[in-house]
Amino acid sequence: MSIPRVLLTVAAAGALVAGTVAVASAGEANKEPPTVTASDVMPYLHMLQQIADRNGGNRADGTPGYRQSVEAVKQVLDANGFHTRVQGVNLIADWPGGDEKRTLMVGAHLDGVPEGPGINDNGSGSAVVLATAVAVARSHLKPKRHLRFAWWGAEEKGLVGSKAYLDRLSPVQIKHIAAYLNVDMAGINDAGSYMVIDFEDGTAQPIYDYLKTQNRNTIDIPAGGSDGQSFRDRGIPVSGFNTGLDDCYHRACDRVENIKPDVETLSANTMIHAVWGLA
């Protein structure tokens, strides 16, 4: 995450985006969402840590560590039946099927900073999105909406990757993105509350619903500070969450050893339930 103030200054969102995003009822969903465990999620974080360790301790944009991170994630997706492409600094993965005129996108930035391996920021969010994508594949989900997953590059340089992706789209293609869900820092929760992006358009509701079943408190935050802002600036409904800053933010100690597996697993299951609810 490039702008930490979004985590330090909590403000209620005051603006609405046009339209609403419908949440599927239990009867409309073709499958109940699965539940993953730490053994499903944590290997992805160990994978990213090992890549950083082999490359001078970081996975920053423009480095071999970043390129290897993209390739490692792509290999997992390819093995699970996704249609993948590397587009500039971004990795994009489409799940076959669903209405492409009502595409649900889910993303996280994959790059870190030169000062450290970037495991909470944002290997944790990248692992949540990857675990969600694999859960879709293993469940053979046939969503009504088309599903597209993204791992953004150069977020730490100012949301460069997500802005570049959207700049390539036509106005019609922008209109076909029904909603975007973002995860940035999801593996450490010292504050105890999940911070949820909410513009009161219905996109955030499945996130609230699931966290309530897990007896977790939530705090509303604006979209600024990570890639959700790029989508928000184009008028696309946005939600997502993070679990807050920690003492190793943008430091060499932002390693896998600091991740709390129970928090990372809860974050993955939260996103899985959100995708099932919206797709």
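Side-chain atoms are counted along with the backbone in the values below, which use heavy atoms only and exclude waters and symmetry mates. Here, residue 1 is the first one in the sequence, and each next residue gets the next number.
A 4.5 Å side-chain heavy-atom check between Ile188 and Val263 finds every atom pair outside the cut-off. Side-chain atoms of Ile221 and Asn242, non-hydrogen and from C-beta on, do get closer than 4.5 Å to each other. Residues Ile219 and Val196 are not in side-chain contact: their nearest non-hydrogen atoms beyond the backbone lie 4.5 Å or more apart. Looking at His83 and Trp95, their side chains never come closer than 4.5 Å, going by heavy atoms from C-beta outward. When side chains are defined from C-beta on, Val76 does not count as touching Val73, because their heavy atoms never get closer than 4.5 Å. Met185 places a side-chain heavy atom less than 4.5 Å from the side chain of Tyr249. Residues Leu278 and Pro206 are in side-chain contact: their nearest non-hydrogen atoms beyond the backbone lie under 4.5 Å apart. Lys74 is not listed as a side-chain neighbour of Arg85, based on a closest heavy-atom distance of 4.5 Å or more.
Screening Leu141, Thr103, Asp94 against Leu147 for a side chain to side chain contact (heavy atoms under 4.5 Å, CB included) leaves a single residue, Leu141. Shown are Asp227, Asn90, Asp167; of these, the side chain to side chain donor-acceptor pair (under 3.5 Å) with Ser162 is made only by Asp227. Screening Asp198, Ile207, Leu211 for a side chain to side chain contact (heavy atoms under 4.5 Å, CB included) with Thr218, the sole residue that qualifies is Leu211. Each of Asp254, Val113, Thr63, Asp111 was scored for a side chain to side chain contact (heavy atoms under 4.5 Å, CB included) with Asn58, with one residue passing: Thr63. Phe241 pairs with exactly one of Tyr208, Tyr194, Tyr210 by the ring pair (Phe, Tyr, Trp, His ring centres under 6.0 Å) rule, that one being Tyr194.
Side chain of Ser267 to main chain of Ala186: a donor-acceptor pair is present (N/O by atom type, distance under 3.5 Å, no hydrogens or angles). Side-chain atoms of Gln49 come within 3.5 Å of backbone atoms of Val256 as a donor-acceptor pair (strictly under, hydrogens ignored). In terms of modelled atom types and a separation under 3.5 Å, the side chain of Tyr66 and the main chain of Val89 share a donor-acceptor contact. Side-chain atoms of Trp151 come within 3.5 Å of backbone atoms of Ser126 as a donor-acceptor pair (strictly under, hydrogens ignored). No donor-acceptor pair under 3.5 Å is formed between the side chain of Asp246 and the backbone N or O of Asp190. In this structure a side-chain-to-backbone donor-acceptor pair under 3.5 Å is missing from Asp184 to Asn122. In this structure, Gln205 contributes its side chain and Gly202 its backbone to no donor-acceptor pair below 3.5 Å.
Looking at Arg59 and Asp53, no side-chain N of the basic residue comes within less than 4.0 Å of a carboxylate O on the acidic one, giving no salt bridge. A salt bridge does not link Asp99 with Lys144: none of the charged nitrogens is closer than 4.0 Å to a carboxylate oxygen.
Between the NE2 atom of His273 and the CE atom of Met271 there is a distance of 12.5 Å, given to the nearest 0.5 Å. Distance check, rounded to the nearest 0.5 Å: CG of Leu110 to CH2 of Trp152 gives 12.0 Å. The line from CG of Leu166 to CZ of Arg168 is 11.5 Å long, rounded to the nearest 0.5 Å. Met42 CE to Thr265 OG1: the interatomic distance, rounded to the nearest 0.5 Å, is 7.5 Å. Here Gln173 contributes atom CD and Glu100 contributes atom CD; the two are 10.0 Å apart, rounded to the nearest 0.5 Å. Put simply, CZ on Arg145 and CE on Met105 are 14.5 Å apart, with the number rounded to the nearest 0.5 Å.
Nearest approach of Leu181 to Ala274, heavy atoms of both residues: CD1-CB, 4.1 Å. The two atoms that bring Pro237 and Asp201 nearest to each other are CB-OD2, 3.2 Å, heavy atoms only. In terms of heavy-atom proximity, Met47 sits nearest to Ala72 at SD-CB, 3.7 Å. The shortest non-hydrogen separation linking Ser124 to Asn120 is OG-O, 2.5 Å. Listed here is the closest heavy atom pair of Pro34 and Ile272: O-CG2, 3.6 Å. Closest of all the heavy-atom pairs between Glu155 and Ser226 is OE2-OG, 3.3 Å.
Leu169 is not connected to Val160 by any chain of hydrophobic side-chain contacts under 4.5 Å among Ile, Leu, Val, Met, Phe, Trp and Tyr, and they are in different clusters. The same ILVMFWY cluster, assembled from side-chain heavy atoms under 4.5 Å apart, contains both Val70 and Tyr44.
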TODO: List the steps and the verdict of side chain to side chain contact (heavy atoms under 4.5 Å, CB included) for Leu159 and Gln229.
DONE: CA-CA 8 Å; Leu159 317 184; Gln229 187 64 54; 4.0 Å; yes
TODO: Assess whether side chain to side chain contact (heavy atoms under 4.5 Å, CB included) is satisfied between Phe149 and Leu130, documenting all intermediate values.
DONE: CA-CA 8 Å; Phe149 297 87; Leu130 186 54; over 6 Å; no
TODO: Walk me through it: do Asp233 and Ser230 pass the test side-chain hydrogen bond (donor to acceptor under 3.5 Å, both in side chains)?
DONE: CA-CA 5 Å; Asp233 289 345; Ser230 300; 5.8 Å; no
- [ ] Before giving the answer on side chain to side chain contact (heavy atoms under 4.5 Å, CB included), spell out for Lys101 and His176 the whole-Å C-alpha distance, their side-chain angles and the decisive distance to 0.1 Å.
- [x] CA-CA 4 Å; Lys101 293 183 179 180; His176 290 170; 3.8 Å; yes
Task: Pair Arg232-Phe199, side chain to side chain contact (heavy atoms under 4.5 Å, CB included): steps then yes or no - done: CA-CA 10 Å; Arg232 173 70 175 165; Phe199 291 98; 3.3 Å; yes
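Inspection of the Thr84 and Asp78 side chains reveals an N or O donor paired with an N or O acceptor under 3.5 Å. Under 3.5 Å, the side chains of Asp121 and His109 contain a donor-acceptor pair of N or O atoms. A donor-acceptor pair shorter than 3.5 Å cannot be found between the side chains of Thr243 and Asn189.
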